[in-house]
Amino acid sequence: MDCVFCKIVAGEIPGAKVYETDEVLAFLDINPVHPGHTLVIPKKHYANIEEAPAEVLSQVISAVKKVGLALKIGLNYQGYNVTENNDPAAGQLIAHLHFHVIPRFEGDGLKLWPQRQYSAGELEATAEKLKKVL
Ligand code: 5GP
Ligand code: ZN
């Protein structure tokens, strides 16, 4: 499979690995939002969250937690965003599940996405549709 993250796992291309277990790898994003921006992945290839078993997701999130704390105590950041672009429509460019751990500090100027308001009845109708399939 022609997957850049699988190649980093296999050591076929370089990656600044900062943490790993048998199941999980964390390495620096090559184009960081801020220095220390880290990607946390399962070593096994899953395209997205739905493909990955809950046990694997649990291991990945445990590593995300470790990396987040390391950004604070090792690089003196004040917080971090955890994001996962799930599917191309959501901006996923690399089709190997990965969580971004993006370090943040007060006044760094980054903005999250804009939000809108529901029209009358839209919130309730949306919740009903979701509840039916959950
Ligand atoms: P996505 O949009 O799929 O959530 O994000 C993919 C991320 O992977 C981007 O932030 C990009 O900078 C990073 N990336 C792409 N290619 C490489 C690479 O070869 N090495 C590393 N370390 N990061 C990469
Ligand atoms: Zn892969």
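Note that ligands are numbered from 1 as they come in the structure, with each ligand's atoms numbered from 1 the same way.
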_N86/E50 under side chain to side chain donor-acceptor pair (under 3.5 Å): CA gap, chis, key distance, verdict_ = CA-CA 9 Å; N86 204 70; E50 297 106 276; 2.7 Å; yes
*Atoms of ligand 1 less than 4.0 Å from H98 heavy atoms?*
1 (P), 3 (O), 4 (O), 5 (O), 6 (C)
*Any G15 heavy atom less than 4.0 Å from ligand 1*: no
*Do ligand 1 and I94 have nitrogen or oxygen atoms that lie under 3.5 Å from each other?*
yes
*asked:* Looking at E55, I want to see if its CD is surrounded by more than 12 non-hydrogen atoms of other residues, nucleotides or ligands under 6.0 Å.
replied: no
*Whether H45 and H96 hold their rings parallel, tilted or perpendicular, with breakpoints at 30° and 60°*: perpendicular
*Under 3.5 Å, side chain of D108 to main-chain N/O of L110, donor-acceptor pair present?*
yes
*Is L28 touching ligand 1 with its side chain, its backbone, both, or neither, if touching means heavy atoms under 4.0 Å apart?*
backbone
_Can you tell me which portion of F5 lies within the under-4.0 Å heavy-atom range of ligand 1? Options are side chain, backbone, both, or neither._
side chain
*Going by the angle between their ring planes, with limits at 30° and 60°, are F105 and H34 parallel, tilted or perpendicular?*
tilted
_Looking at non-hydrogen atoms alone, which of N31, V33, D29 comes nearest to atom 7 (C) of ligand 1?_
D29
_Show the atoms of ligand 1 that are less than 4.0 angstrom away from any heavy atom in L93._
1 (P), 2 (O), 3 (O)
*Could you tell me whether ligand 1 has any atom less than 4.0 Å away from a heavy atom of T83?*
no
*Numbered atoms of ligand 1 (with element) below 4.0 Å of G91, judged on heavy atoms*: 1 (P), 2 (O)
_With a cutoff of 4.0 Å, is H100 in contact with ligand 1, counting heavy atoms of the residue only?_
yes
*asked:* Using only atom types and a distance under 3.5 Å, with no angle test, would you say the side chain of E20 pairs donor to acceptor with the backbone of K43?
replied: no
*Looking at N85, which atoms of ligand 1 are within less than 4.0 Å of one of its heavy atoms?*
1 (P), 2 (O), 4 (O)
_Heavy-atom pair with the smallest gap, counting every atom of N48 and L97_ = C-CD1, 3.9 Å
_For I8, atoms of ligand 1 separated by under 4.0 Å from a heavy atom_ = 20 (N)
*Could you list which atoms of ligand 1 come closer than 4.0 Å to a heavy atom of L39?*
8 (O)
*Q78 side-chain N/O to E106 backbone N/O, donor-acceptor pair under 3.5 Å*: yes
*asked:* Suppose we only allow N, O or S atoms; which atom of H45 ends up nearest to the Zn ion (ligand 2)?
replied: ND1
*Among the N/O/S atoms of H96, select the one at the shortest distance from the Zn ion (ligand 2) and name it.*
ND1
_Numbering as shown, the atoms of ligand 1 that approach V4 to under 4.0 Å (heavy-atom distance)_ = 19 (O)
